[in-house]
Colleague: 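So that we are looking at the same thing, I have put the structure below in structure tokens.
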Amino acid sequence: MSKKSNPEGGSNKLRRFSSLVVEGADRAPNRSMLRAVGFKDKDFKKPVIGIASTWSMVTPCNMHIDKLAVEAGKGADAAGAKSIIFGTITVSDGISMGTPGMRYSLVSREVIADSIETVAGAEGFDGVVAIGGCDKNMPGCLIAMARLNRPAVFVYGGTIMPGNYNGKPVDIVSVFEAVGAHANKDISDGQLKKIESTAIPGPGSCGGMYTANTMASAIEALGMSLPNSSAQAAISPEKNKDCRDAGAAVYNLIKSGIRPSDIMTKKAFENAIVTAIALGGSTNAVLHLLAIARAVNVRLAIDDFTRIGKKAPVLADLKPSGKFMMADFCRIGGLLPLMKMLLDAGLLHGDCLTVTGKTVAENLKSVGAYPEGQEIVRPVSDPLKKDSHIVILRGNIAEEGAVAKISGHEGLSFTGKAIVFESEEESLKAILGGKVKKGHVIVIRYEGPRGGPGMREMLAPTSAVMGKGLGNDVALITDGRFSGGTHGFVVGHITPEAYDGGAIAVIKNGDTITIDATTREINLGIPASELRKRLSQWKQPKPKAEKGVLAKYAKLVSSASEGAVTD
């Protein structure tokens, strides 16, 4: 199998990088500092495994990860390596949602990747375990692993348990939708407070098949997590064991010489896409898988999602479009039986290598079926939807592509009149204030990677639409993106974005917009000559950020159709 070169690596097979840091009389100062952080004489002869922890009290998604990092370190040490725990950042999508702070969310993916690469490269780690919780942790960790190309395993921090409101399960999306219901006077102040107070009972990532659970599952299907790492509760014995096993697994990968580039092949990305579709996962999977593939030099394009999506069915009835929570999915066996179903149906590549050192088919060989009578996962022969709910659209509004999330509940086409907003805040105010009516296509622009900057998620407006009871009667399009918790007739990632002079920049109130998932088109119903005239008169606005990380991001970031990467 081919491997990327590591020109800076030493000759010691198990300590290609750490040996450069600790061996020889001239490295006495290095060893002296390492002794202060716990190294003994024997540790200088062991491979060093960095444990990247995204622990933070910023969010419940990550509040427990410090303890998981300790478990991963124990696993690495027991296997014969020396672990070093280090930190990186996280931001909370759920807390920053609907505010200017959400502009930093996608940016944090790049910061996480940069920081893990920086520490591992500077300190000479021979391998890496990375543990992530909130949405951008997963792709950020994988991008770093791809760049470093040293033996590595990703560990998902695990899902949150559902809250309980009047005997019904609730989660963070329930709260966002309750805001719309409250504005519609369907629930009282007291009911809103009760939902707010019960939705998040403790640690773990948001509890539906939203972005965190989607990406955790996709990464496991990609081969970069241990089996069923994606489908365990955050606070559970299984998750602690997963972390210990991950530490040991990296040591075994070092011994075997298996690196991320051996695992993250084009076929492995196809496995990840099929799995994300089968789960009814988040549209953010498009953005993140494109970015990870680019980091590992795999040619993946948005059209691959169309090609694969034509034959990949939606099987799991999970929130936001379905009935069940991730905790329910965990209880019936998690991801492995689903992957076995997909493999048996010829929808997965069984010969792809994984971090176990075995292939996908070998990992799934002894996996049994889901328990009889379960209603969460449908058989391949009787899917919820016979092809993908993630639909790549093109047309005069999105010449370079757009990403729609169409489960089928909303229908497969929508034609309506544009109601245009220059920001997410403007749209939310109008939705809650009753200005958005049946038949409207809500247009939210200047929220793309460069124009935002940062490509905010539109969970607040889409949840408000649902809460106001308009979910089947309006559509929403944006050059921003959507939370995995979003459902309804929505189209995001419109490229070129408004800030770059894309057609979305010149849509006017009352224009007719047609979205057709069957023909995979999104079009503005005006003559081509009128569109050209409007575009010729358009002027690029001043950037919203002129200094700092947002300004740097806006200057470096690529189009959403290429993964919104900054390399």
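Counting from 1, the numbers follow the sequence of the chain as shown. Computed from a prediction, not measured in an experiment: that's the story for all the values here.
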Colleague: Give every residue pair that meets the salt bridge (Lys or Arg N to Asp or Glu O under 4.0 Å) criterion with at least one member in residues 442-454, sequence neighbours excluded.
Modeller: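 Listed by first then second residue: Glu422-Arg445, Glu447-Arg456, Arg450-Asp500.
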Colleague: For Tyr104, look at atom OH and say whether over 12 heavy atoms of other residues, nucleotides or ligands are found less than 6.0 Å away.
Modeller: no
Colleague: Could you report the tightest heavy-atom contact between Met224 and Ala152, atom names first, then the distance?
Modeller: CE-O, 3.6 Å
Colleague: Just checking, any donor-acceptor pair under 3.5 angstrom between side chains of Tyr156 and Asn213?
Modeller: yes
Colleague: Can you tell me how far the CG atom of Asp135 sits from the OG1 atom of Thr90, to the nearest 0.5 Å?
Modeller: 8.5 Å
Colleague: Taking the side chain as everything from C-beta on, heavy atoms only, tell me whether Thr512 gets closer than 4.5 Å to Lys417.
Modeller: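 Contact flag for Thr512/Lys417 side chains = yes.
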Colleague: How would you list, by chain and number, every residue that makes a salt bridge (charged side-chain N to carboxylate O under 4.0 Å, His left out) with Asp186, sequence neighbours excluded?
Modeller: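 Salt bridge (charged side-chain N to carboxylate O under 4.0 Å, His left out) check on Asp186 returns nothing, list empty.
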Colleague: Verify whether one side chain among Thr214 and Ser282 offers a donor that lies under 3.5 Å from an acceptor in the other.
Modeller: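 Absent: no donor and acceptor within the cut-off.
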Colleague: Is the backbone N or O of Ala460 less than 3.5 Å from a side-chain atom of Ser463, with the two atoms forming a donor-acceptor pair by type?
Modeller: no
Colleague: Closest heavy-atom contact between Ala130 and Met145?
Modeller: CB-CE, 3.5 Å
Colleague: Can you list everything that forms a side-chain contact (heavy atoms from CB on, under 4.5 Å) with Glu400? Sequence neighbours excluded, please.
Modeller: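 Scan of Glu400 (side-chain contact (heavy atoms from CB on, under 4.5 Å), adjacent residues dropped) gives Thr495, Pro496, Ser559, Ser561.
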Colleague: So which pairs with a foot in residues 426-442 pass side chain to side chain donor-acceptor pair (under 3.5 Å), sequence neighbours left out?
Modeller: none
Colleague: Inspect the surroundings of CD in Gln540 and state if more than 12 heavy atoms from other residues, nucleotides or ligands are less than 6.0 Å away.
Modeller: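 Buried by this count: over 12 neighbours within 6.0 Å.
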Colleague: Mind jotting down which residue pairs meet the salt bridge (Lys or Arg N to Asp or Glu O under 4.0 Å) criterion with at least one end in residues 514-530? Sequence neighbours excluded, please.
Modeller: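 Qualifying pairs, neighbours excluded: Glu530-Arg534.
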Colleague: Is Met215 close to Leu289 at the side-chain level, that is, under 4.5 Å between some pair of heavy atoms?
Modeller: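 Yes, close enough: below the 4.5 Å cut-off.
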Colleague: Would you indicate whether the side-chain heavy atoms of Leu279 and Phe329 approach each other to under 4.5 Å?
Modeller: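 When only atoms from C-beta onward are counted, Leu279 and Phe329 do touch, with a gap below 4.5 Å.
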Colleague: Show your reasoning for whether side-chain contact (heavy atoms from CB on, under 4.5 Å) applies to Met138 and Leu142.
Modeller: CA-CA 6 Å; Met138 274 71 75; Leu142 266 289; 5.5 Å; no
Colleague: Where is the tightest heavy-atom contact between Gly454 and Val107, given as atom of each residue plus distance?
Modeller: CA-CG2, 4.5 Å
Colleague: Report yes if the side chains of Val443 and Ile513 come closer than 4.5 Å at any heavy-atom pair, otherwise no.
Modeller: yes
Colleague: Atom CD1 in Ile477, atom CD1 in Ile442: separation rounded to 0.5 Å?
Modeller: 10.5 Å
Colleague: Could you report the tightest heavy-atom contact between Pro541 and Tyr499, atom names first, then the distance?
Modeller: O-CE1, 3.5 Å
Colleague: Sorted by first residue and then second, give each salt bridge (Lys or Arg N to Asp or Glu O under 4.0 Å) pair with at least one member in residues 90-105; sequence neighbours left out.
Modeller: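 Sorted result for residues 90-105: Asp93-Lys136.
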Colleague: Within the side chain of Asn62, is there an N or O that forms a donor-acceptor pair under 3.5 Å with the backbone of Cys134?
Modeller: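 The answer is yes, because a donor-acceptor pair under 3.5 Å joins these two groups.
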Colleague: Judged by atom type as modelled, is there a donor-acceptor pair below 3.5 Å linking the side chain of Asn523 to the main-chain atoms of Gly395?
Modeller: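 It does not hold such a pair.
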Colleague: Might you point out which heavy atoms bring Ile112 and Cys141 nearest each other, and give the distance in Å?
Modeller: CG2-N, 4.0 Å
Colleague: With no hydrogens and no angle check, is any side-chain donor or acceptor of Thr54 less than 3.5 Å from a backbone partner on Ile131?
Modeller: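 Yes: the side chain of Thr54 pairs with the backbone of Ile131.
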Colleague: If you apply the rule side-chain contact (heavy atoms from CB on, under 4.5 Å), what do you find for Phe305 with Leu290, and how did you get there?
Modeller: CA-CA 10 Å; Phe305 288 82; Leu290 289 173; 4.2 Å; yes
Colleague: With rounding to the nearest 0.5 Å, note down the distance linking CD in Glu196 to OG in Ser174.
Modeller: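 Here the rounded value is 13.0 Å.
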Colleague: Between Arg150 and Val128, is any pair of side-chain heavy atoms under 4.5 Å apart?
Modeller: no
Colleague: With Ile89, which of Val111, Asn137, Val58 fulfils side chain to side chain contact (heavy atoms under 4.5 Å, CB included)?
Modeller: Val111
Colleague: What verdict does the side-chain contact (heavy atoms from CB on, under 4.5 Å) test give for His288 and Thr211, after you've listed the backbone C-alpha separation in whole Å, the side-chain angles of each residue and the deciding distance to 0.1 Å?
Modeller: CA-CA 10 Å; His288 297 323; Thr211 302; 4.3 Å; yes
Colleague: Using the side-chain contact (heavy atoms from CB on, under 4.5 Å) criterion, which residues pair with Ser536? Sequence neighbours excluded.
Modeller: none
Colleague: Only counting residues at least two apart or in another chain, list the ones meeting salt bridge (charged side-chain N to carboxylate O under 4.0 Å, His left out) with Lys266.
Modeller: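 Result, salt bridge (charged side-chain N to carboxylate O under 4.0 Å, His left out) vs Lys266: Asp304.
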Colleague: Working to the nearest 0.5 angstrom, can you tell me the gap between Ile273 CD1 and Leu347 CG?
Modeller: 13.0 Å
Colleague: Using a 3.5 Å distance criterion without hydrogens, assess whether the side chain of Asn284 forms a donor-acceptor pair with backbone atoms of Phe482.
Modeller: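 Yes, the answer is positive, given that a donor and an acceptor are paired below the 3.5 Å cut-off.
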Colleague: Rounded to the nearest 0.5 Å, what separates atom CG in Asp171 from atom CD in Glu177?
Modeller: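 Between atom CG of Asp171 and atom CD of Glu177 there are 8.5 Å.
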Colleague: Could you check if a side-chain atom of Met455 sits within less than 4.5 angstrom of a side-chain atom of Glu497, using non-hydrogen atoms only?
Modeller: no
Colleague: Given the rule in the side-chain contact (heavy atoms from CB on, under 4.5 Å) test, do Leu106 and Val557 qualify, once you have shown the distances and angles that lead to the verdict?
Modeller: CA-CA 11 Å; Leu106 190 56; Val557 70; over 6 Å; no
Colleague: Tell me, do Val170 and Val175 make a side-chain contact under 4.5 Å, heavy atoms counted?
Modeller: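 A side-chain contact under 4.5 Å is absent here.
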Colleague: Take atom NZ of Lys552 as the centre, draw a 6.0 Å sphere, and report whether it contains more than 12 heavy atoms from other residues, nucleotides or ligands.
Modeller: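 No, NZ of Lys552 has 12 or fewer neighbouring heavy atoms, counting only those of other groups under 6.0 Å.
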Colleague: Would you say that more than 12 heavy atoms from the other residues, nucleotides or ligands in this model lie under 6.0 Å from the CD of Glu546, or not?
Modeller: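 No.
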Colleague: Which pairs, with at least one residue in residues 383-393 and sequence neighbours excluded, count as a side chain to side chain donor-acceptor pair (under 3.5 Å)?
Modeller: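 For residues 383-393, and leaving out neighbouring residues, the side chain to side chain donor-acceptor pair (under 3.5 Å) pairs sorted by first residue read Lys385-Asp387.
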Colleague: For a quick check under 3.5 Å, do Thr514 and Thr415 share a side-chain donor-acceptor pair by atom type?
Modeller: yes
Colleague: Enumerate the salt bridge (Lys or Arg N to Asp or Glu O under 4.0 Å) contacts for residues 461-482, please, sequence neighbours excluded, ordered by first and then second residue.
Modeller: Glu457-Arg481
Colleague: So, taking the atom named CG in Leu222 and the one named OG in Ser217, what distance separates them when rounded to the nearest 0.5 Å?
Modeller: 12.0 Å
Colleague: Which residues pass the side-chain contact (heavy atoms from CB on, under 4.5 Å) test with Arg294, not counting sequence neighbours?
Modeller: Ser558, Glu562, Val565, Asp567
Colleague: Salt bridge (charged side-chain N to carboxylate O under 4.0 Å, His left out) with Asp189: which residues, sequence neighbours excluded?
Modeller: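 Salt bridge (charged side-chain N to carboxylate O under 4.0 Å, His left out) check on Asp189 returns nothing, list empty.
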Colleague: Of the non-hydrogen atoms in Val491 and Ala402, which two are nearest, and what is the gap between them?
Modeller: CG1-CB, 3.7 Å
Colleague: Is there a donor in the side chain of Thr306 and an acceptor in the side chain of Asp303, or the other way round, less than 3.5 Å apart?
Modeller: no
Colleague: Evaluate the side-chain proximity of Pro383 to Leu315: yes if any heavy-atom separation is below 4.5 Å, no if none is.
Modeller: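 They are in contact (side-chain heavy atoms under 4.5 Å apart), so the answer is yes.
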Colleague: Is it true that a side-chain atom of Thr478 and a backbone atom of Gly492 form a donor plus acceptor pair closer than 3.5 Å?
Modeller: no
